Structure formats: C-alpha cells, structure tokens
Amino acid sequence: MRIATWNVNSVKARLPNVQGWLETASPDVALLQEIKCETASFPAKDFEALGYEVHAVGQKSYNGVALLSKHPVTDLLTRLPGEPEDEQARYVEGTVQGVRVASLYLPNGNPVGTEKYPYKLRWMDRLKAHAKGLLESGQPVVLGGDYNVIPGPEDVYDPKGWTEDALFRQETRLKFREILHLGYTEAFRALHPDMAHAYSFWDYQAGAWPRDMGLRIDHFLLSPQAADRLTVCAIDRGPRGQEKASDHTPVIVELDV
DNA sequence: ATGGTAGCTACGCTA
C-alpha cells in the first residue's frame with residue numbers, strides 16, 4: 001500500500017498540480033493538508049474522477065485536511081479528541097484495508113510568545129494522548145501530515161538561525177520525541193539515517209527553493225505493526241519545481257500490506 | 001538590505 005502526504009497550500013489553487021501528481025504517483029491513499037476551503041466546496045468530483053473516495057474536513061480560508069483513498073474508508077474521525085471547543089480543521093482519520101490512517105496539520109506555533117505557541121503544544125499533547133490509544137488497538141497505524149516540527153539539526157538548512165523558531169525550539173522537539181517514545185517510528189529517518197538536505201518544504205520567499213534552503217517538517221509516524229511492513233519512504237521533490245507549486249512537496253511511504 | 005512570496009479575501013492574517 002502506497003500512502004502519500006502533501007501540504008498543497010490551497011486545493012483549488014493547486015488542482016492541476018495535485019491531479020497530475022496523483023495520476024503519475026498513483027498512491028492508494030493521499031493525505032492532504034491546508035486545503036484552505038470549506039468542506040462543502042472541496043472539489044471532490046475532480047478526485048473521484050481519478051478513482052478516489054474523498055473525505056475532506058475544511059473551514060473557511062485556513063487549514064483543512066483531506067483523506068483520499070482508492071479503497072473504502074471506514075470508521076471516520078474528523079477531529080482530534082481532547083479540546084472540543086477547538087474549531088480548527090486539522091485532523092481526519094479512517095481505516096483503509098485494516099490500516100488506521102490519519103491526515104494531520106499540526107499548528108505552526110509562530111510567533112512564540114503569543115497564544116499560537118501554547119496552542120501548538122496543547123495540540124501535540126492531544127495528539128500524544130490519541131496516538132497512545134491507537135497503539136493499544138494493535139492494528140497498523142500511519143499518522144501522516146504537516147507536523148510543523150523540524151526533528152533535528154540535519155533537517156534544516158540553518159539550524160542556528162532556527163533555534164528559537166516554534167518549528168525547531170527544544171520544547172517542540174522534545175514533545176515530538178515524546179510521541180515517538182510511545183512506540184512510533186518516524187519513517188523517513190528510520191530508512192535514511194544519514195541523508196542530508198532531505199527537505200519537504202521551501203519558503204516562497206528569498207529564493208529558498210533554488211538555493212535549497214529547506215526544512216523537513218512533513219512526516220509519517222508508524223506504529224510497530226506498520227513499521228514492520230515499511231519498505232519505502234521517499235520525498236518527491238518534483239512538484240516543488242513546477243509552475244504554481246505548493247511550498248511543500250509530497251512524501252511517500254510504502255507498506256507491504 | 002528589517003525585505004522577500006503566496007493564498008484567501010477584499011484588508012489583514014497566516015504561513
């Protein structure tokens with residue numbers, strides 16, 4: 001089973017890019033983030049035409065996630081538990097062929113020192129609690145998405161310059177590791193322990209893409225039952241170089257299921 | 001050099 005995650009930065013602005021990539025890469029499941037539209041206006045038909053069942057969770061203007069699958073999806077969950085008053089559309093989860101799969105968009109958290117950063121930390125605590133429960137099910141679990149977390153200094157072009165950023169500061173990285181320590185495997189680093197410049201995001205500004213000033217912030221976390229079946233994890237830089245590109249590029253895992 | 005770009009929305013916010 002091939003699963004892709006991609007922060008598309010507006011599904012409507014990106015429709016030709018996303019459709020074209022899905023036709024070529026043909027993942028069984030595509031996890032999208034930052035669809036930036038309301039659920040009802042998600043262009044579901046454009047993806048159904050490619051053979052996908054569509055489950056979008058959106059809101060006006062910001063955020064929004066989607067789970068596209070070539071196989072039936074059951075037991076859909078459309079919000080991350082733990083803070084019922086949280087209205088931001090950042091989580092969708094369902095079961096595909098016995099695998100529990102989630103598309104998540106973790107809050108950015110900048111600027112640190114505003115309410116945005118404690119919200120990010122609370123969201124990570126909620127994800128940790130939920131991820132712990134998922135492990136107890138014993139099924140393979142794949143949590144993919146834009147984590148807005150740079151796991152280590154090898155995952156950013158200028159670690160010193162990013163030390164106080166919400167994506168890289170110690171408190172953020174420690175909390176990310178707390179989730180891993182529950183028993184999850186970060187797929188890319190597990191298969192490519194020494195690969196440098198393996199970024200998944202390049203800012204639109206300051207020529208970040210041509211200068212390869214990137215970050216690796218889009219990740220797959222796998223439960224032991226999923227990690228045991230992991231054969232491939234790859235970043236496809238192709239879409240970032242296209243016209244009208246998203247600032248993120250897709251990451252893919254393949255599981256032998 | 002205190003900028004730069006992109007998307008949503010209709011101005012400033014978010015990233």
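Numbers restart at 1 for each chain; the letters A, B, ... are given by sequence-line order, proteins then strands. These numbers come from a predicted model, not from an experiment.
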Counting only side-chain N and O atoms of A/Lys116, is one of them less than 4.0 Å from OP1 or OP2 of B/dT14?
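Yes, A/Lys116 has a side-chain N/O under 4.0 Å of OP1/OP2 on B/dT14.
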
Using a cut-off of less than 4.0 Å, is there contact between a side-chain N or O of A/Lys244 and OP1 or OP2 of B/dG7?
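Yes, A/Lys244 has a side-chain N/O under 4.0 Å of OP1/OP2 on B/dG7.
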
Closest heavy-atom pair and its distance - A/Ala4, A/Trp21:
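In this case the closest contact between A/Ala4 and A/Trp21 is CB-CH2, 3.5 Å.
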
Provide, to the nearest angstrom, the distance between the [atom1] atom belonging to [X] and the [atom2] atom belonging to [N].
{"X": "A/Gln59", "N": "B/dA15", "atom1": "CD", "atom2": "C1'", "answer": "14 Å"}
{"X": "A/Gln205", "N": "B/dA1", "atom1": "CD", "atom2": "C1'", "answer": "14 Å"}
{"X": "A/Tyr204", "N": "B/dT14", "atom1": "OH", "atom2": "C1'", "answer": "13 Å"}
{"X": "A/Lys36", "N": "B/dA6", "atom1": "NZ", "atom2": "C1'", "answer": "7 Å"}
{"X": "A/Asn108", "N": "B/dG7", "atom1": "CG", "atom2": "P", "answer": "18 Å"}
{"X": "A/Asn7", "N": "B/dT14", "atom1": "CG", "atom2": "C1'", "answer": "12 Å"}
{"X": "A/Arg14", "N": "B/dA15", "atom1": "CZ", "atom2": "P", "answer": "16 Å"}
{"X": "A/Lys60", "N": "B/dC13", "atom1": "NZ", "atom2": "C1'", "answer": "13 Å"}

Between B/dA10 and B/dT14, how far apart are the P atoms? Round to whole Å, please.
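Going atom to atom, P in each nucleotide, I get 14 Å.
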
Sticking with atom C1', work out how far B/dG12 lies from B/dA1, rounded to a whole angstrom.
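B/dG12 and B/dA1 have their C1' atoms separated by 25 Å.
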
Name the one of A/Thr185, A/Val141, A/Val99, A/Asp228 that satisfies side chain to side chain contact (heavy atoms under 4.5 Å, CB included) with A/Ser223?
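Checked A/Thr185, A/Val141, A/Val99, A/Asp228 against A/Ser223; only one passes side chain to side chain contact (heavy atoms under 4.5 Å, CB included): A/Val141.
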
So A/Tyr105, base contact, sugar-phosphate only, or nothing? Heavy-atom distance under 4.0 Å.
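Sugar-phosphate, backbone atoms only, no base.
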
Looking at A/Phe42 versus A/Phe47, is the centre-to-centre ring distance below 6.0 Å?
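Centroid separation for A/Phe42 and A/Phe47: below 6.0 Å.
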
Taking the basic N atoms (NZ, or NE/NH1/NH2) and the acidic carboxylate oxygens, is any pair closer than 4.0 Å for A/Asp155 and A/Arg189?
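A salt bridge is present here (some side-chain N lies under 4.0 Å from a carboxylate O).
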
